[in-house]
Amino acid sequence: MAPQLIGCRLVRLFNGERLAGFITETEAYQGEEDLACHARVGLTTRTEPMYGPPGHAYIYFTYGMHWLLNAVTDGEGVPAAVLIRGILPTEGLEKMEELRPTLAQKKGWLDGPAKLTQALALDGKLNRADLCSPDSGLFIEAGISVPAEVLKVKPRVGIKTVPEPWRSLPWRWQIDPKVLQKLTKELLPASDL
DNA sequence: CGGCCGATTATCT
DNA sequence: GATAATCGGCCGG
């Protein structure tokens, strides 16, 4: 699911306005045996959404200040999720700039998991939102087709203390930076992204 | 560009 | 009481 979500459109309805962007980077976290996955400690209050039905959001708080968005990707009772690590903004830029003023409209604006949750006004209130229903206020639509050959696959980041083989598994997908730059110019010719 | 560091608090041991 | 699926600022190359 992680590579398949690349290119899909992530949409947030905020005060009646559409804030959206194409997903550009993802990471996979799968199962209690994956020592980088929160579910390594089993079913807890925090990990419960990952054990729930697929297609829902798993949004958690970390480092004392950041909210991170995941899509639950496996059946009930099977903990698995895809971390959304970056988007290419396409709708509601003005509002997103207001929500995330730092470095707004500059290079690297929304290329981090906590950056995009700021721009989309996401926090624990959206935890477990149905990502397949517009009624939830947070959902994923069809987007652009991104050929597999322009995807880069690398180890997941931010898990330096996790033992092997989990630390080095190639479970991070991103649009090739060169292709992303070209895409950005096509979609947002006037911006400085 | 890469590496180090401090911020700040929910969650789990 | 320790840790963390990060970020931004500051440093050096």
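Order of the sequence lines fixes the chain letters, A, B, ..., with proteins taken first and strands second; residue numbering starts at 1 for each chain. The structure displayed is predicted, hence computed values, not measured ones.
One atom, CD of A/Glu27, and another, P of C/dA4, lie 15 Å apart when rounded to the nearest Å.
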Considering only nitrogen or oxygen atoms on both sides, find all protein atoms under 3.5 Å from nucleotides 2-6 of chain B and state each distance.
none

Below 3.5 Å between N/O atoms, which protein atoms pair up with nucleotides 11-13 of chain B? Just atom names and distances, please.
residue : atom : partner : partner atom : Å
B/dC12  : OP1  : A/Thr44 : OG1          : 2.3

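Contact check of residues 159-170 of chain A against DNA chain B (heavy atom, cut-off under 4.0 Å) returns no residues at all.
By the salt bridge (Lys or Arg N to Asp or Glu O under 4.0 Å) test, A/Lys154 is found to be paired with no residue, residues two or more places apart in sequence or in another chain being considered.
Residue pairs satisfying the side chain to side chain donor-acceptor pair (under 3.5 Å) criterion with at least one member in residues 58-78 of chain A, sequence neighbours excluded, are listed as follows: A/His38-A/Tyr58.
For A/Thr44 and A/Thr47, the side-chain atoms include at least one donor-acceptor pair closer than 3.5 Å.
Side-chain atoms of A/Ser168 never come within 3.5 Å of backbone atoms of A/Pro165 as a donor-acceptor pair (strictly under, hydrogens ignored).
Heavy atoms of A/Ala36 sit under 4.0 angstrom from at least one base atom.
Contact check, A/Arg85 against C/dT6: a side-chain N or O comes under 4.0 Å of OP1 or OP2.
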ask   = Given the rule that a pair is Watson-Crick or G-U wobble with both distances under 3.5 Å, how would you write DNA chain C in dot-bracket, using | for pairs to a different strand?
value = ||||.|||||||.
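Remark: ring of A/Tyr60 not stacked against base of C/dA5; the cut-offs of centroid gap under 5.5 Å and plane tilt under 30° are not jointly satisfied.
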